[in-house]
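Encoded as structure tokens, the structure appears first; notes follow it.
Position 1 is the first residue of the sequence; numbering continues from there. All values below come from the heavy atoms of this structure, side chains included, with hydrogens, waters and symmetry mates left out.
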Amino acid sequence: MARVAVIRTRPETVLQDYERLIDLADHANLYALFDTYHLITEERDYAAALRTLASRLWCVHACENDRGAPGGGLVPWNNVFDTLHEIGFDGPLTMEAYNSSIDDFAYQRGMFHNVCPDGDEFVRKGLAFLRSHVERIWK
């Protein structure tokens, strides 16, 4: 059976509500998805958030605070990766970003700058950044 991940997308949904929703659903295949973009406006302590979700954490969407490639923004990446290692995370680590070069796709979602003028470079840069952290922690 496939796993289903729930993502928090509303600032008023505090972490405890998110965890409670998963508990109330009481389904063995319902897990949490940790999205670094959403958490930048919703949590001050990424480590505490990851520890809270540790038992239900399935996937991490790695994205910068401006939806750009991971690295160079405001997300506390060392903290994120150190805590992922601490809690024994071994799930998927994915990049989530908006291709701002496709018509007005990004503009309609509130992005007014071009974070992805070259999709291939975006992927290369993001993967290199994430790989450096993975290699630092999980040697």
**Asked** Between A49 and L39, what is the shortest heavy-atom contact and its length?
**Response** CB-CD1, 4.3 Å
**Request:** To the nearest 0.5 Å, tell me how far R51 CZ sits from L57 CG.
**Result:** 13.0 Å
**hydrophobic_cluster_shared for W58 and Y37, side chain cutoff 4.5 Å** = no
**Prompt:** What pair of heavy atoms forms the shortest contact from H61 to D35, and how long is it?
**Reply:** ND1-OD2, 3.4 Å
**Message:** Taking the six-membered ring for Trp, are H133 and F129 closer than 6.0 Å centroid to centroid?
**Reply:** yes
**Asked** Got more than 12 heavy atoms from elsewhere within 6.0 Å of CZ, R124?
**Response** yes
**Request:** Nearest 0.5 Å please: distance from the CG atom of D90 over to the NE2 atom of H85.
**Result:** 11.0 Å
**Prompt:** With a 6.0 Å cut-off on ring centres, are F34 and F89 close enough?
**Reply:** no
**Message:** With a 4.5 Å cut-off on side-chain heavy atoms, are I40 and Y46 touching?
**Reply:** yes
**Item:** Pairwise side-chain contact, C59 with T94, heavy-atom cut-off 4.5 Å (strictly under)
**Value:** yes
**Item:** Polar side-chain atom of Y31 near backbone of I22 as donor-acceptor pair, under 3.5 Å
**Value:** no
**Item:** Atom of P70, atom of G126 and distance for their closest heavy-atom approach
**Value:** CD-CA, 3.9 Å
Can you give each donor-acceptor pair under 3.5 Å made by side-chain atoms of residues 74-82, sequence neighbours left out, with the distance rounded to 0.1 Å?
unit_1, atom_1, unit_2, atom_2, d
W77, NE1, E64, OE1, 2.9
N78, OD1, R136, NH2, 3.4
N79, OD1, T83, OG1, 3.3
D82, OD1, R136, NH1, 3.1
D82, OD1, R136, NH2, 3.3

**Value rounded to 0.5 Å, distance of NE2 in H38 from CG in L33** = 9.0 Å
**Message:** For a quick test of reading the model, state the closest non-hydrogen atom pair linking G73 to N65 and the distance between them.
**Reply:** CA-OD1, 3.3 Å
**Message:** When you measure from the side chain of R56 to the backbone of L30, do you find a donor-acceptor pair of N or O atoms at a distance under 3.5 Å?
**Reply:** yes
